[in-house]
Amino acid sequence: MKTLTIIAILFFIFSGNTFSQDKIEIKDSNYKFKFDLPKGWKERKVEETNKKDAISYTFDREDGKIAIMLLAFKVNEVKNLNDFVYTLEKDLTLNIPKIDGDYTDFDSGNYDGKSAMYKDSEFTEMLYYYRTKINDGSNYTYLLRFIVPSTRFHSDIKTEITKLAENFSPEL
């Protein structure tokens, strides 16, 4: 009886911690980044290349209104940001719609990036491109992609995406 009581107590302690999770925390020490998502999101898939030089994470909001793709690449040198953006925009497997407007540039010291909105008749997307700028070490590039059905995209969704993007950071 005593053993059964201890097991029941442990079960409630551990199940309480599992169900009270307020966010998803991704800290990838291999690709040097951190990304947090609030409650209401689920990780769909994680895939890494055989060479261990790129990884892809995908997430869905539980209501189906937004999907996220996060790509991380290991690179040997500081990558030209414009070349990185151009390469991903032209990658047919990513099927990125046409850009709608201009790029917004940002710089955070050891990394910088660009963001832009992309649209077609089916989806409106917000993409954030990042690159690290470490002269004496390994470098990384990242694509953080938010995909929303165009019929569901509005200013509140755009504000939410901006806040979610602020939860991503290279960990150098």
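Predicted model, so just to flag it, every value in this text is computed and none were measured.
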ring-ring contact (aromatic ring centres under 6.0 Å, His included) partners of residues 93-119, not counting sequence neighbours, each pair once: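 Found Phe106-Tyr130.
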
Residue pairs, two or more places apart or on separate chains, that pass ring-ring contact (aromatic ring centres under 6.0 Å, His included) and touch residues 35-65: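 Listed once each, the pairs are Phe33-Tyr57.
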
Residues two or more places apart in sequence or in another chain: which of them pass side chain to side chain donor-acceptor pair (under 3.5 Å) with [X]?
{"X": "Ser150", "answer": "Thr124"}
{"X": "Asn82", "answer": "Lys114"}
{"X": "Thr58", "answer": "none"}

Are [Y] and [X] co-members of a hydrophobic cluster defined by side-chain heavy atoms under 4.5 Å apart?
{"X": "Phe146", "Y": "Leu94", "answer": "no"}
{"X": "Leu144", "Y": "Ile157", "answer": "yes"}
{"X": "Leu164", "Y": "Leu127", "answer": "no"}
{"X": "Tyr128", "Y": "Leu143", "answer": "no"}
{"X": "Leu70", "Y": "Ile161", "answer": "yes"}

Do [X] and [Y] make a side-chain contact, defined as non-hydrogen atoms from C-beta onward lying under 4.5 Å apart?
{"X": "Arg152", "Y": "His154", "result": "no"}
{"X": "Ile55", "Y": "Leu71", "result": "no"}
{"X": "Pro149", "Y": "Glu122", "result": "no"}
{"X": "Lys90", "Y": "Thr87", "result": "no"}

Can you tell me how far the [atom1] atom of [X] sits from the [atom2] atom of [Y], to the nearest 0.5 Å?
{"X": "Asp102", "Y": "Met117", "atom1": "CG", "atom2": "CE", "answer": "12.0 Å"}
{"X": "Asp22", "Y": "Leu37", "atom1": "CG", "atom2": "CG", "answer": "13.0 Å"}
{"X": "Glu125", "Y": "Asn95", "atom1": "CD", "atom2": "CG", "answer": "8.0 Å"}

More than 12 heavy atoms of other groups within 6.0 Å of Asp63 CG: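 Yes, enclosed.
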
Within 6.0 Å of CG in Asn76, more than 12 heavy atoms from elsewhere: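 Open: at most 12 neighbouring heavy atoms sit under 6.0 Å from CG of Asn76.
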
Has [X] got a side-chain atom pairing as donor or acceptor with [Y]'s backbone, closer than 3.5 angstrom?
{"X": "Lys32", "Y": "Ser29", "result": "yes"}
{"X": "Arg145", "Y": "Met69", "result": "no"}
{"X": "Thr132", "Y": "Tyr140", "result": "yes"}
{"X": "Ser108", "Y": "Asp112", "result": "no"}

Salt-bridge present ([X], [Y]; N to O < 4.0 Å):
{"X": "Asp28", "Y": "Lys34", "value": "no"}
{"X": "Glu62", "Y": "Lys42", "value": "no"}
{"X": "Asp120", "Y": "Lys98", "value": "no"}
{"X": "Asp60", "Y": "Arg44", "value": "yes"}
{"X": "Lys23", "Y": "Glu25", "value": "yes"}

Lys133/Asn110 under side chain to side chain contact (heavy atoms under 4.5 Å, CB included): CA gap, chis, key distance, verdict: CA-CA 5 Å; Lys133 305 182 294 184; Asn110 287 334; 5.9 Å; no

Connected hydrophobic set around Phe123, excluding itself, where side chains approach under 4.5 Å: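 Besides Phe123, the cluster holds Ile147.
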
Exercise: do Glu48 and Tyr31 side chains pair donor with acceptor under 3.5 Å: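 On atom types as modelled, these side chains qualify, holding a pair under 3.5 Å.
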
Asn30 side chain to Lys74 side chain, donor-acceptor N/O pair below 3.5 angstrom: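 Indeed, the side chains of Asn30 and Lys74 share at least one donor-acceptor pair under 3.5 Å.
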
Heavy-atom closest contact ([X] atom, [Y] atom, distance):
{"X": "Ile99", "Y": "Glu89", "result": "CD1-OE2, 4.5 Å"}
{"X": "Ile134", "Y": "Asn139", "result": "O-ND2, 2.7 Å"}
{"X": "Lys65", "Y": "Val148", "result": "O-CG1, 3.5 Å"}

Test applied, ring pair (Phe, Tyr, Trp, His ring centres under 6.0 Å); reference residue, Tyr142; option that passes from Phe73, Phe168, Phe84, Tyr129: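 The option that passes is Phe168.
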
Worked check of salt bridge (Lys or Arg N to Asp or Glu O under 4.0 Å) between Glu160 and Arg61: CA-CA 12 Å; Glu160 180 180 351; Arg61 198 165 82 173; 2.5 Å; yes

